[in-house]
Protein chains: 2
Amino acid sequence: MGNAYNVMAATCPSRTVLHRIGARWTVFVVNALDNRPMRFTELKAHIRGITSKALTETLRAMEYDGLISRTEIPAHPPHVEYALTDLGRSLLTPLRAVREWAESHVPDIESARAQADAQR
Amino acid sequence: MGNAYNVMAATCPSRTVLHRIGARWTVFVVNALDNRPMRFTELKAHIRGITSKALTETLRAMEYDGLISRTEIPAHPPHVEYALTDLGRSLLTPLRAVREWAESHVPDIESARAQADAQR
DNA sequence: CCCGGACGGTATAGATTTGATACCGGTATC
DNA sequence: GATACCGGTATCAAATCTATACCGTCCGGG
């Protein structure tokens, strides 16, 4: 498809993009918002182990990059809703594949680790 | 396909697997070894911006996880060759998709960032 | 009115990870 | 010899992440 960007070049903008995708929690947020918008606390509960700070920073960065939208809903009680944008949804396909790979290859990696440990 | 692992659970082994895949440089190494084995210095030159230390650590971790193999070749001059294992090759498909997403969506993200900057 | 709790975060400090820079031993070439 | 390349280590400073505590707003109950 020959586009002009190459992640292997240190200065290429695609590098920063890949860096952002690869950031600790981005994958989890994208996967969590897969089929519906969520609120802050809902996300925090869903992605077990994330702290408020990490979640806030991840959401801010993703919003800045146009991957998610943040909407304050003035209902009673008011609350905040995070949702994938079209761009974010387009990222869903590759990231879901990564997630599925991770979930389905746990035994392979665990046995590789066990074998490496036994070696020493 | 219903496997037993869920990355959203903090204690799930798949979490550590995903963490490893998401580590700074893993994506680059997998993509670099896409169509042939490479030597240490070759990899370092190919993945612009990586330091020896980062590359060493990434390679060690990936070898431990069974994603790549490290072979010392006793030719003259002797050298070291890194190659994807079958497991590593299976990771290639999802990660190549991520790489391609990054390379093809740079303009979208840049314009989202520009728009966010203009907002303030 | 007062109390308590949920929501959506901040502030701060300590631990962990990363990166820059320098260096090193072995092999081969000049 | 002297020099250079390969495949790394060692060391230390800088950036990042985590844990923990805290905060203001809004709401419902008593």
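Quick caveat: nothing in here was measured; it's all calculated off a predicted structure. Sequence lines set the chain letters: A, B, ... in the order given, protein chains first and strands last, and positions in each chain run from 1.
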Atom-pair distance (CD on B/E57; P on C/dT16), nearest Å:
15 Å
Phosphate OP1/OP2 of C/dT10: any A/R60 side-chain N/O under 4.0 Å:
yes
So if I take every side-chain heavy atom of A/T51 and compare against D/dT18, D/dC26, C/dG9, which nucleotide ends up nearest?
D/dT18
Nucleotide nearest A/F40 (side chain, heavy atoms from C-beta), chosen from D/dG8, C/dG8, D/dC27:
C/dG8
Lys NZ or Arg CZ of B/R48 over B/F28 ring: under 6.0 Å, within 45°
no
OP1 or OP2 of D/dG8 sitting under 4.0 Å from any side-chain N/O of B/Y82?
yes
Are any of A/T41's side-chain N or O atoms less than 4.0 Å away from OP1 or OP2 of C/dG8?
yes
Between A/W25 and D/dT16, is there a side-chain N or O to OP1/OP2 distance below 4.0 Å?
no
Side chain of A/P78 only, heavy atoms from C-beta on: which candidate in D/dC27, D/dG8, C/dG9 is closest?
D/dC27
C/dT16, OP1 or OP2 - any side-chain N/O from A/R24 closer than 4.0 Å?
no
Give one of base, sugar-phosphate or nothing for A/S52, where a contact means two heavy atoms less than 4.0 Å apart.
base
Under 4.0 angstrom, heavy atoms only, what part of the nucleic acid is A/K53 near: base, sugar-phosphate, or nothing?
base
